[in-house]
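Contents: one structure, followed by commentary.
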Amino acid sequence: MNSSKKLAKNDGIGQGTQDTKKSVPSIISSKNKVLALIGIITVVVLCAGVCYMQLRPRAIVKVIGSDANNVAVTNTVYMKEAVYDILQTETQYNMYSSIYQQMYGTTYWDMENVDEAGRTGAGAAKKQVMDGIKQREIMCMEAEKLGYKLTDEEKKAAAEEVKKAMENMTDAQKKLPGLDQETLTTVFEKNALAEKFRQVLLAQSGIDREAVKASVNKDDYKQYTLQYYMVSNKNGTDENAADVTEETKQKNLENMTALKEKAKTTDDFSTLLEEKDTTGIVAMQTLKLVKNEMEESTFLTKKLRNKLIKMENGEISDVIEGEDGYYLVRMENNDDSEAYDAQCETVVQEEESKKFSEQYATFAPAYTTEVQSYWKGRVTLGSYTAVE
């Protein structure tokens with residue numbers, strides 16, 4: 001009864017206080033849940049932000065021009081489109097890495113003062129890649145502006161080139177952003193459009209390829225293609241190596257004479273040696289003597305070279321004694337057009353390059369290029385595509 005009176009007197013406040021005390025743990029629990037949820041959301045946002053920063057497309061250059069209606073157009077090239085160009089450049093210079101190491105004691109990438117601007121090999125190669133990307137983009141923009149585009153057949157040809165390129169890549173390289181089929185297709189189609197437009201420009205330049213070829217003196221580039229076997233009369237390959245003994249030298253002469261006799265009954269001069277030859281005779285090699293380079297040749301002596309080039313096709317020489325060993329030589333082709341054809345191709349390419357530069361200079365200044373900070377500060381060539 002007294003309790004009831006107290007509660008009535010306090011308008012039920014006592015009962016309300018009891019309920020509040022009972023709900024405190026629930027409130028704390030709810031707050032913890034909210035805080036945990038906020039924490040999870042924060043972590044997710046941060047992770048998403050990091051992923052975005054890592055994976056977002058990286059612009060490397062912007063090219064600003066105008067379309068056919070003289071409306072400003074900006075094309076942005078992203079890092080992915082540069083990776084195949086980087087792969088080709090790194091492959092090119094890495095092929096000669098051992099030569100650079102022997103000659104300069106360093107890799108091409110670490111060489112200093114490679115160009116007039118004092119760049120390292122890596123810096124010069126990076127500029128080479130960017131210059132190519134800029135020109136390709138300008139060529140494509142100008143081509144599209146003038147209404148040129150790839151046909152379905154040309155796109156199909158580009159797709160075939162993509163397929164071939166990917167076949168030559170390692171599995172790890174194929175996983176690099178930019179060496180995937182989709183990106184490569186974009187790059188190869190741009191290359192194809194740029195080349196198509198280049199041919200248009202060359203046609204407009206009025207270049208006469210046959211006239212350019214006619215400027216090459218065919219007689220100067222007459223080529224004599226020889227095949228030969230050789231056995232060394234030196235102990236080792238060093239230029240100061242001592243001569244073998246007279247007994248060994250005589251044995252070498254006998255072996256080469258036997259080889260000449262075998263050549264008389266064999267149609268294929270390249271197969272005279274047995275698979276497990278023990279005579280010391282070096283496997284057949286091919287020598288190409290070009291008339292205007294004869295003076296610089298180090299093959300035998302000038303007198304012997306002049307004698308050899310007078311042989312008929314298929315004719316085999318006697319065993320010849322050179323300063324370093326015995327030789328057996330066969331004339332494969334005394335009028336080979338290979339050197340002449342190569343020189344014709346060289347002068348045509350030089351003339352095409354000159355004419356193209358003249359044509360390109362008529363519209364390229366209308367385009368502005370802006371190299372982006374990511375390319376300037378974050379991209380280093382030398383091992384970018386060297387993945388395991």
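Since this is a predicted model, take the numbers as computed values, not measurements.
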Polar side-chain atom of [X] near backbone of [Y] as donor-acceptor pair, under 3.5 Å:
{"X": "Gln285", "Y": "Tyr228", "answer": "no"}
{"X": "Lys249", "Y": "Val244", "answer": "no"}
{"X": "Thr183", "Y": "Leu179", "answer": "no"}
{"X": "Ser353", "Y": "Glu350", "answer": "no"}
{"X": "Asn235", "Y": "Asp243", "answer": "yes"}
{"X": "Gln173", "Y": "Thr385", "answer": "yes"}
{"X": "Glu351", "Y": "Ile207", "answer": "no"}
{"X": "Lys126", "Y": "Lys376", "answer": "yes"}
{"X": "Asp238", "Y": "Asn240", "answer": "yes"}
{"X": "Ser337", "Y": "Tyr340", "answer": "no"}

Contact check, side chains of [X] and [Y], non-hydrogen atoms, under 4.5 Å:
{"X": "Asp336", "Y": "Lys288", "value": "no"}
{"X": "Tyr93", "Y": "Thr107", "value": "no"}
{"X": "Leu193", "Y": "Met139", "value": "no"}
{"X": "Glu142", "Y": "Thr362", "value": "no"}
{"X": "Leu272", "Y": "Met284", "value": "no"}
{"X": "Val114", "Y": "Thr120", "value": "no"}
{"X": "Ile60", "Y": "Ile133", "value": "yes"}
{"X": "Asn334", "Y": "Met311", "value": "no"}

Rounded distance [0.5 Å steps], [atom1] in [X] versus [atom2] in [Y]:
{"X": "Glu315", "Y": "Ser317", "atom1": "CD", "atom2": "OG", "result": "8.5 Å"}
{"X": "Tyr229", "Y": "Lys260", "atom1": "OH", "atom2": "NZ", "result": "13.5 Å"}
{"X": "Gln181", "Y": "Thr186", "atom1": "CD", "atom2": "OG1", "result": "10.5 Å"}
{"X": "Glu247", "Y": "Asn252", "atom1": "CD", "atom2": "CG", "result": "11.0 Å"}
{"X": "Asn233", "Y": "Glu246", "atom1": "CG", "atom2": "CD", "result": "9.0 Å"}
{"X": "Leu146", "Y": "Met141", "atom1": "CG", "atom2": "CE", "result": "12.0 Å"}

Give a yes or no on whether a salt bridge exists between [X] and [Y], defined as a side-chain N under 4.0 angstrom from a carboxylate O.
{"X": "Arg209", "Y": "Glu352", "result": "yes"}
{"X": "Glu274", "Y": "Lys262", "result": "yes"}
{"X": "Arg136", "Y": "Asp85", "result": "yes"}
{"X": "Glu195", "Y": "Arg198", "result": "yes"}
{"X": "Lys174", "Y": "Asp180", "result": "no"}
{"X": "Asp131", "Y": "Lys127", "result": "yes"}
{"X": "Lys302", "Y": "Glu295", "result": "yes"}
{"X": "Lys164", "Y": "Glu167", "result": "no"}
{"X": "Lys190", "Y": "Glu137", "result": "yes"}
{"X": "Lys163", "Y": "Glu160", "result": "no"}

Tyr96: which residues meet the ring pair (Phe, Tyr, Trp, His ring centres under 6.0 Å) condition with it, sequence neighbours left out?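 Checked Tyr96 against ring pair (Phe, Tyr, Trp, His ring centres under 6.0 Å); zero matches.
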Please check if [X] and [Y] belong to a single hydrophobic cluster, counting links between Ile, Leu, Val, Met, Phe, Trp and Tyr side chain heavy atoms closer than 4.5 Å.
{"X": "Leu381", "Y": "Leu176", "result": "yes"}
{"X": "Leu289", "Y": "Ile320", "result": "yes"}
{"X": "Tyr78", "Y": "Tyr374", "result": "no"}
{"X": "Val329", "Y": "Phe269", "result": "no"}
{"X": "Val212", "Y": "Val216", "result": "yes"}

If the plane angle is over 60° it's perpendicular, under 30° parallel, otherwise tilted; pick one for Phe299 and Tyr327.
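Answer is perpendicular, since the angle exceeds 60°.
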| Distance only, no hydrogens: is a donor on one side chain within 3.5 Å (strictly under) of an acceptor on the other, for Gln349 and Glu345? |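 Yes, side-chain donor-acceptor contact under 3.5 Å.
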Is there a donor in the side chain of Thr225 and an acceptor in the side chain of Gln223, or the other way round, less than 3.5 Å apart?
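Present: a donor and an acceptor within the cut-off.
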| Phe188 ring center within less than 6.0 Å of Tyr84 ring center |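 Yes, close enough.
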